[in-house]
Number of protein chains: 2
Amino acid sequence: MTGTRSGKTRAQPLRSMAPTRRTARPAVVLDTLNGHLGYFIRRVQVWIFQDFIRALAQIDISPAQFSVLVVISANSGLSQAELAATLGIERARLARLLHQLQGRGLIQRLESSDDGRRHALQLTSQGRTLLTRAKTLAARHERQLIERLGVERHSMLLQALRDF
Amino acid sequence: MTGTRSGKTRAQPLRSMAPTRRTARPAVVLDTLNGHLGYFIRRVQVWIFQDFIRALAQIDISPAQFSVLVVISANSGLSQAELAATLGIERARLARLLHQLQGRGLIQRLESSDDGRRHALQLTSQGRTLLTRAKTLAARHERQLIERLGVERHSMLLQALRDF
DNA sequence: TATTGTTATACTCTATAACTATA
DNA sequence: TATAGTTATAGAGTATAACAATA
């Protein structure tokens, strides 16, 4: 097997996520995982989401809920199908997600006048208030992420992934 | 055994993942999501995993199963706790994951001589054969990813995310 | 017939807790 | 007491299918 033992590329990724090791065993080798973007992107995505959840824990808003509130707010009257397509969420899952948000009094579903099938989505005034707070907390989370990555690396990643 | 998890995922840029719109409504606005790395990293991670699953569908190996097989192969005799810590998988989940792989005859759990609690993990010869095939298919998946991203952007992402 | 939104099902993943056996 | 591994449970998330109302 091709363990990357020589040289400088012996990556020990995400050290902070693994518990401290105190054994005498040599560091575990990731072998060909080192060449797979999917492996590292998954690890970092999980880390970022956990940090986001912590950052917004006081208002109990998940990453998915945040993205839904932001897009409804910026596109008032959007239908569920449009919202689902925009965020890549299944229509079925979005229905339950919106049901929760409606139960918390954060959104309204108005019947569309020109198409009886559609629900025109809007934030309630309570939803607008909460979203303002959520954006503040999310911005703080992002600032810490920028501190950790460095400004240049953060914006490089943002651009590369946005253009994917 | 569960069947293949096929997905009809779109092999298109995220920007064009929204369905074609026939109305006069302007394009849906992402607002502050545009500044959040977590949003885009999640979208890309999901896309890459779906592509990986398609690429290895013929041998029914998921991303998590692949990472487990690779790391066991490169670190023979590893314990479950070490493997779990390396990959960031919960011990409880790893136990079930290994149970499946053992049921498929891909791995062995030998009792450690010096510590009766530990299981020394190894691939079976069948597991080694399958892993060779899996690595070939995964490498093909990665090459297509490189084609899509461009070599420089791929290695930039790999390094930035590995050093996270 | 196709689309919008809904409900239901199944499976995966994450996060715990509780348990055993070993140390 | 602490650790390694297991089992169980609950809650998200994902992927389908089927359905009613509407177009």
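Just so it is clear: chains get the letters A, B, ... in the order the sequence lines come, proteins before strands, and each one is counted from 1.
Remark: the backbone N or O of A:L149 is paired with a side-chain donor or acceptor of A:R153 at under 3.5 angstrom.
Here A:Q50 does not reach the OP1 or OP2 of C:dT14: none of its side-chain N or O atoms lies under 4.0 Å away.
Between A:L98 and A:L121, the closest side-chain pair of non-hydrogen atoms falls below 4.5 Å.
Between A:P63 and A:D114, it is A:P63 whose nearest contact on DNA chain D lies nearer the 5' terminus. DNA chain D is contacted by both A:G116 and A:A64; A:A64 maps to the nucleotide lying nearer its 5′ end (nearest heavy atom per residue).
In this structure, A:F49 atom CZ and D:dG13 atom C1' are separated by 11 Å, rounded to whole Å. In this structure, B:D115 atom CG and D:dG5 atom P are separated by 8 Å, rounded to whole Å. For the pair A:R43 CZ and C:dC13 P, the interatomic distance rounds to 15 Å; values are reported in whole Å. Between the C1' atom of D:dT22 and the CZ atom of A:R118 lies a distance of 12 Å, rounded to the nearest Å. Residue B:I89 contributes atom CD1, which lies 14 Å from atom P of D:dG5 at whole-angstrom precision. To the nearest angstrom, P of D:dG5 lies 13 Å from CD of B:Q102. Atoms CD (A:E90) and C1' (C:dT9) sit 14 Å apart, rounded to a whole Å. Rounded to an integer number of Å, the gap from CD of B:E111 to C1' of C:dA21 is 11 Å.
Cation-pi check for A:R148 over B:F164 is met; the charged atom lies under 6.0 angstrom from the ring centroid and within 45 degrees of its normal.
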Sequence-aligned protein contact record of nucleotides 6-12 of chain D, with B where the base is within under 4.0 Å of a protein heavy atom and S where only the sugar-phosphate is: BBBB---

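Linking ILVMFWY side-chain heavy atoms closer than 4.5 Å, directly or via other members, places A:L33 and B:F49 in two distinct hydrophobic clusters.
Within a 6.0 Å sphere centred on CD of A:Q58, other residues, nucleotides and ligands contribute more than 12 heavy atoms.
Aromatic pair A:F66/A:F52: centroids less than 6.0 angstrom apart.
Of the candidate nucleotides C:dT16, C:dT22, C:dT4, C:dT22 has the atom nearest to the side chain of B:R117.
For the pair B:R118 and B:E82, the salt-bridge criterion is met [side-chain N within less than 4.0 Å of a carboxylate O].
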